[in-house]
Chemist: 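Structure below; questions to follow.
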Number of protein chains: 2
Amino acid sequence: MYQKKIANTLNCGSVLTKEVLHGKWKSTLLAGIAQGIQRPSAMQRMLPSATRRVLNVQLNELEHHGLVSKTIFPELPPRVEYHLTELGQSLLPVIEVMEQWGNAHRIELEHALARNLAELPD
Amino acid sequence: MYQKKIANTLNCGSVLTKEVLHGKWKSTLLAGIAQGIQRPSAMQRMLPSATRRVLNVQLNELEHHGLVSKTIFPELPPRVEYHLTELGQSLLPVIEVMEQWGNAHRIELEHALARNLAELPD
DNA sequence: CGGGATCCCCATAGATACTG
DNA sequence: CAGTATCTATGGGGATCCCG
């Protein structure tokens, strides 16, 4: 019988942070929401290569993790807005640090990652 | 990640950072190496639940990404040491920020992650 | 001691179609 | 416009065995 994957050692804080950010579009979504991109349709415009389903899945995860809140307006046409919670806002500086490090070392990183990441203009 | 289908948007720096840290044990490995745990056998002692193979895979990735350097001593018994490169050292503050955020919000996060695990499909 | 090679499971996420 | 259901498949990571 295949045993469940070895649980992550949650006593390591960085692993918790990685867990919360785990997902292909999460950091981008959080940054986008922080910048005012709050409606799903706008997010799709921001990330045209992400499917609606995946965005929904990740938004749901972000919501369940307490990083964003979801507001449904009972209108026609339907309107939904996502906002950062306090916890989500507290994560922004962390994303910002990651953002800066990634940008600062973009050249070296892209070279090293070149075999794994295809270039996409987006 | 799934770059063969849809490549990650590399114009987002945080995605680069996530790519580099992508892997179950990478942040722990980097922190360990920074603290002087440089030999594979020591890493296994530090992470007894990680298999040797996975540690090797992730160490190879870290090396390939330019975060660590590998030194092989042609001795008997064989000896190998990993050291942080400058790039790897520059990443330490980033991990530290993630570490602190994760620790600061441990309670809420563990609650949210546990709740997430409890949510099974109907 | 250190590092592969092989096999296998399942979580993430892509494509598509459908509902309200 | 927003969200869900089903299907598919890539690849991360676990177990195990074998080599220098």
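A, B, ... follow the sequence lines: proteins, then strands. Residue 1 opens every chain.
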Chemist: On DNA chain D, does the nearest nucleotide to B:Arg52 precede the nearest nucleotide to A:Asn56 from the 5' side, or the other way round? Give the residue.
Modeler: A:Asn56
Chemist: A:His22 side chain: which of D:dG3, C:dT12, D:dG14 is closest?
Modeler: C:dT12
Chemist: Do A:Leu47 and A:Val57 belong to the same hydrophobic cluster, where Ile, Leu, Val, Met, Phe, Trp and Tyr are linked whenever their side-chain heavy atoms lie under 4.5 Å apart, directly or via other members?
Modeler: no
Chemist: For the pair A:His64 (side chain) and A:Asn60 (backbone), establish whether a donor and an acceptor sit closer than 3.5 Å, ignoring hydrogens and angles.
Modeler: yes
Chemist: Using whole Å, report how far CD1 of B:Ile72 lies from P of C:dC1.
Modeler: 17 Å
Chemist: Starting from P on D:dG12, measure out to CG on B:Leu62 and report it in whole angstrom.
Modeler: 14 Å
Chemist: For B:Asn56 and B:Arg53, what are the C-alpha separation, side-chain angles and deciding distance, and is it a side chain to side chain donor-acceptor pair (under 3.5 Å)?
Modeler: CA-CA 5 Å; B:Asn56 282 336; B:Arg53 175 192 158 284; over 6 Å; no
Chemist: Does anything in residues 67-105 of chain B pair up under ring-ring contact (aromatic ring centres under 6.0 Å, His included), and if so which pairs, sequence neighbours excluded?
Modeler: B:Trp101-B:His105
Chemist: Rounding to an integer number of Å, can you tell me how far A:Glu81 CD sits from D:dA2 P?
Modeler: 10 Å
Chemist: How close or far is atom P of D:dG13 from atom CD of A:Glu19, stated in whole angstroms?
Modeler: 11 Å
Chemist: To the nearest Å, how far apart are B:Glu61 CD and D:dG11 P?
Modeler: 12 Å
Chemist: For B:Pro77 and A:Val54, take the nucleotide of DNA chain C holding the closest heavy atom to each; which residue's nucleotide lies nearer the 5' end?
Modeler: B:Pro77
Chemist: Hey, could you give me the CG/CG distance between A:Leu91 and A:Leu87, rounded to the nearest 0.5 Å?
Modeler: 7.0 Å
Chemist: May I have all residue pairs that pass side chain to side chain donor-acceptor pair (under 3.5 Å) and include part of residues 68-79 of chain B, sequence neighbours excluded?
Modeler: B:Glu75-B:Arg79, B:Arg79-B:Glu81
Chemist: Roughly how many Å is it from CH2 in A:Trp25 to C1' in C:dA13, rounded to a whole number?
Modeler: 10 Å
Chemist: For the pair B:Lys18 (side chain) and B:Ser14 (backbone), establish whether a donor and an acceptor sit closer than 3.5 Å, ignoring hydrogens and angles.
Modeler: no
Chemist: Using a heavy-atom distance cut-off of less than 4.0 Å, which residues of residues 34-46 of chain B contact DNA chain C?
Modeler: B:Arg39, B:Pro40, B:Ser41
Chemist: With a 4.0 Å cut-off on heavy atoms, is B:Lys70 in touch with a base, just the backbone sugar-phosphate, or nothing at all?
Modeler: sugar-phosphate
Chemist: Are any of B:Asn60's side-chain N or O atoms less than 4.0 Å away from OP1 or OP2 of C:dG4?
Modeler: yes
Chemist: To the nearest angstrom, how far is A:Glu63 atom CD from D:dA2 atom P?
Modeler: 15 Å
Chemist: Identify which nucleotide among D:dA15, C:dG20, C:dG2 has an atom closest to any side-chain atom of B:Thr51, counting heavy atoms from C-beta outward.
Modeler: D:dA15
Chemist: Less than 4.0 angstrom between a side-chain N/O of A:Tyr82 and OP1 or OP2 of D:dG3, yes or no?
Modeler: yes
Chemist: Rounded to the nearest angstrom, tell me the gap between atom NE2 in B:His64 and atom P in C:dG4.
Modeler: 13 Å
Chemist: Ignoring hydrogens and angles, does a donor from either the side chain of A:Arg53 or the base of C:dT12 sit under 3.5 Å from an acceptor on the other?
Modeler: no
